[in-house]
Participant: 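Next up is a structure, given as structure tokens.
Each chain gets a letter, A, B and so on, in the order its sequence line appears, and its residues count up from 1. What you see is a predicted model; the values in this text were computed from it and never measured.
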Protein chains: 2
Amino acid sequence: MTTGSAPRRVTIADVAGRAGVSTAAVSKVLRGAYGVSPGMRAKVREAMDELGYRPHAAARAMRGRTYTLGVMLSDTRNPFFPDIIEGVTGQLVGTEYQVLLGPGGDEPRSQARMTDAMIDRSMDGIILISPVMSSTELAAIATTTPIVVIGRHGSAAEYDSVVDDDVVGARLVVDHLADLGHRRIAHITHLDRGRASGADSPQAVRAEGYRQAMRARGLAEGVDVVATSFTEEGGYEGARQLLARPARPTAIFAGADVAALGVLRAAYEAGLSVPGDLSVAGYDNIGIASLNPISLTSVDQDGHVIGATAARLLVERIEGRGRSVLSSVSPTLVVRGTTGPPAGRE
Amino acid sequence: MTTGSAPRRVTIADVAGRAGVSTAAVSKVLRGAYGVSPGMRAKVREAMDELGYRPHAAARAMRGRTYTLGVMLSDTRNPFFPDIIEGVTGQLVGTEYQVLLGPGGDEPRSQARMTDAMIDRSMDGIILISPVMSSTELAAIATTTPIVVIGRHGSAAEYDSVVDDDVVGARLVVDHLADLGHRRIAHITHLDRGRASGADSPQAVRAEGYRQAMRARGLAEGVDVVATSFTEEGGYEGARQLLARPARPTAIFAGADVAALGVLRAAYEAGLSVPGDLSVAGYDNIGIASLNPISLTSVDQDGHVIGATAARLLVERIEGRGRSVLSSVSPTLVVRGTTGPPAGRE
DNA sequence: ATGAAAGCGCTAACAG
DNA sequence: CTGTTAGCGCTTTCAT
């Protein structure tokens, strides 16, 4: 066999016995509840330490909290999700809460399944990163367990939301390029196959922000949006289409860095120098954007702040806040080597 | 207030009532246990569907399994960890098991804390990715909960291990470069600050594999190892040291792709063309390695297979296998644009 | 301030 | 084959 049978867990009964008090007292100390004398509290604490007591989460779950927060990940490959996780866990350091991540996949069904699994496991609250679900479904979940939604614009009374301000992000890029002298600035966006998120999705808001910013700069007729996908391949395809235009754009604003990488490849293949012949900007400021051979101008959304905010809001909800909150985190533009003045700048 | 109080959960008692049977019968159907007639089974199934019953994991945890497997992540930024996760979840599709990921951080303390948290939450088994703990500590954990360790060489009777065959991986690189005509092939490895993993760590095995392969090719005097860290900065630093040698290497094998990116930067700054003046190879085959401006020759460890294997082994353990297993997954070499014949090839 | 005791939803003997 | 029942470890009234 594997090894001798697993040693029995230390329970509050053991602690109570050791400290010479009741289990109720131990439970109260554990929860920091009212009605225990300092002396008894000290005795219990000591007994817990001596015995190496650790509360059994499942048992707690039967009556009270589990001190477990779930994070439903829609995409484990999302380049800034580590930042969000770091923000979440960082915010929770020093509290009793533990964070568990659930890979939800990119389909509505699998995401719903993971969310249910988290609810079934009595998580005290759940953070959903870019969920592909309708607001109605989200609201339904929120009646069971407090939730905070990251990355979906559009708020609801039932839950809190944290989003990057994609309108501002798009404007930062357009303004930067327009300031450099570009007039034909094209945009590559992501085409939703699913029907769920719609106008609430970051890509939709970025595209709309792009249009607004172009108009605001008096570049309405320079607006040119191509919808492929936020992948390297999607960026490549989009760029190929754009570069085949009779009057090709002098700058391409890709709605995501991965797509911008594809744009760079297309430019390279077309023999266009960057930023000499074509300026390229992305969104997300993923790790490699800063690396030398790439050096991509990009919009940085502070994943750390987003994660920390989400965690804070979730704990507030769990502890009783009723009113709904929508927190918008401002992005910043990181200018690097892929953007410069257009070639024919007079 | 938020909303009306959350609707009470549907329990097996509700299902039993609806189906006109005992709770024991429902429990048996739930677990697919012996001793239920097909007719009763059908009735119970129907009642469960009608009521939308979902088992309460915490309650199950009090007596039996939770059907939850944990994956302790030592580094959420690890570029191939998404592959591992995909392999794990893919292997579990169609089973009742759910996978939950725990960000353990890179310190022994925090990793142990996360592992404990998973045990306290009654997970049926845990996969540990590159844990920074001694084999003794790992064995201790294994007495409580079945575990599978990924990324640590050196097996133990108490748990199963899945590793990439780093000796083979290093040999693939050395052979490839030697075949091209290189003789002074240097290696950049990662220096462990901690004391935990030691010779079991992938970096140590890769370095050792490199030395073996060099000797096997009769290039013993070309051996040159520099220990910095597996980061872009570490690769850059290592390359700077190596390129300052009187007889500088004609090829650098970085123990990780991120470090290889730093090597590329150093080469670029030194005015060396790649692969003309310097060949560069990495390890891990991270996503961007394939992208055009990089096109890095790298060793691909099949994260998908590693994850799937780990999940399979874990389930086997949970279901009773006693004997310990060490599974070694063979990597493959992906040759791209950063390696070529040395300049002075006669 | 303290403790006894009744569950929470499920599983697993055990009895019928 | 089917149902009864005693817990699992903890929280939470409710007496004392």
Side-chain angles (χ1 to χ4, degrees), chain A residues 5-44 47-48 51-68 96 119-124 144, chain B residues 5-45 47-48 51-68 96 116-117 119-124 144-145:
Chain A
S5 58
R8 205 182 53 79
R9 273 194 87 88
V10 176
T11 72
I12 55 168
D14 300 324
V15 175
R18 177 90 171 205
V21 301
S22 72
T23 58
V26 177
S27 175
K28 282 175 188 161
V29 171
L30 211 49
R31 290 150 31 226
Y34 251 156
V36 249
S37 64
M40 178 173 273
R41 185 178 301 276
K43 268 192 304 183
V44 171
M48 294 201 301
L51 265 34
Y53 170 77
R54 280 168 14 208
H56 189 4
R60 302 184 95 170
M62 299 292 291
R63 305 304 250 101
R65 300 191 186 167
T66 53
Y67 298 95
T68 308
E96 251 200 290
I119 294 170
D120 295 344
R121 281 156 186 74
S122 314
M123 299 211 171
D124 294 339
T144 309
Chain B
S5 58
R8 204 181 53 78
R9 272 194 89 90
V10 177
T11 72
I12 55 169
D14 300 324
V15 175
R18 176 93 171 205
V21 301
S22 72
T23 57
V26 178
S27 175
K28 281 176 186 161
V29 171
L30 211 50
R31 289 147 34 220
Y34 247 160
V36 248
S37 65
M40 178 172 276
R41 187 179 300 277
K43 268 193 304 183
V44 171
R45 281 262 152 71
M48 294 201 300
L51 265 35
Y53 170 77
R54 279 168 15 208
H56 189 6
R60 301 184 96 169
M62 298 293 290
R63 301 310 246 93
R65 301 193 186 165
T66 53
Y67 298 95
T68 308
E96 250 200 289
D116 285 347
I119 294 170
D120 295 344
R121 280 156 187 75
S122 314
M123 299 210 171
D124 295 339
T144 310
T145 303

Participant: Students often get this wrong, so: under 4.0 angstrom with heavy atoms, is A:S27 touching a base, only sugar-phosphate, or nothing?
Facilitator: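 Here A:S27 touches the bases of the nucleic acid.
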Participant: Just checking, is any N or O donor in the side chain of B:S37 or B:R41 under 3.5 Å from an acceptor N or O on the other one?
Facilitator: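 There is no such pair between these side chains.
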Participant: Between D:dT11 and A:R60, is there an OP1 or OP2 to side-chain N/O distance shorter than 4.0 Å?
Facilitator: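 So the side chain of A:R60 is within the cut-off, an N or O lying under 4.0 Å from OP1 or OP2 of D:dT11.
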Participant: Among D:dT12, C:dC10, D:dG3, which is the nearest nucleotide to the side chain of B:M40?
Facilitator: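 Selected nucleotide (nearest to the side chain): D:dG3.
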Participant: Ignoring hydrogens and angles, does a donor from either the side chain of B:R9 or the base of C:dG9 sit under 3.5 Å from an acceptor on the other?
Facilitator: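 A donor-acceptor contact between them is absent.
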Participant: Under 4.0 Å, heavy atoms only, any strand: does B:V21 hit a base, just the sugar-phosphate, or nothing?
Facilitator: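 Contact class for B:V21: sugar-phosphate only.
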Participant: Between B:R54 and A:V36, who's closer to the 5' end of DNA chain C by nearest nucleotide?
Facilitator: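 Here A:V36 is the residue nearer the 5' end.
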Participant: Any idea which of C:dC10, C:dG3, C:dT2 is nearest the A:S37 side chain?
Facilitator: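 Between C:dC10, C:dG3, C:dT2, the one nearest the side chain of A:S37 would be C:dT2.
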Participant: In whole angstroms, how far is the P atom of C:dA12 from the CZ atom of B:R63?
Facilitator: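 So the two atoms are 7 Å apart, to the nearest Å.
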Participant: Could you say whether A:A25 or B:K28 is positioned toward the 5' end of DNA chain D, judged by the nucleotide with the nearest heavy atom to each?
Facilitator: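 Taking each residue's closest nucleotide, the earlier one in sequence belongs to B:K28.
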Participant: Which of these nucleotides, D:dG3, D:dT11, D:dG9, is closest to any side-chain atom of A:A59?
Facilitator: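 Output: D:dG9.
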Participant: May I ask you to decide whether B:R54 forms a salt bridge with B:E96, counting only side-chain N to carboxylate O separations under 4.0 Å?
Facilitator: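 Here B:R54 does not pair with B:E96 in a salt bridge, since their nearest N and O are not under 4.0 Å apart.
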Participant: Give the nucleotide from the list C:dC10, C:dA12, D:dC10 with an atom nearest to the side chain of B:T11.
Facilitator: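 So the nucleotide nearest the side chain must be C:dC10.
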Participant: From the list C:dG9, D:dT11, C:dT11, which nucleotide is the closest neighbour of the side chain of A:M62?
Facilitator: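 Ranking C:dG9, D:dT11, C:dT11 by closest atom to the A:M62 side chain puts C:dG9 first.
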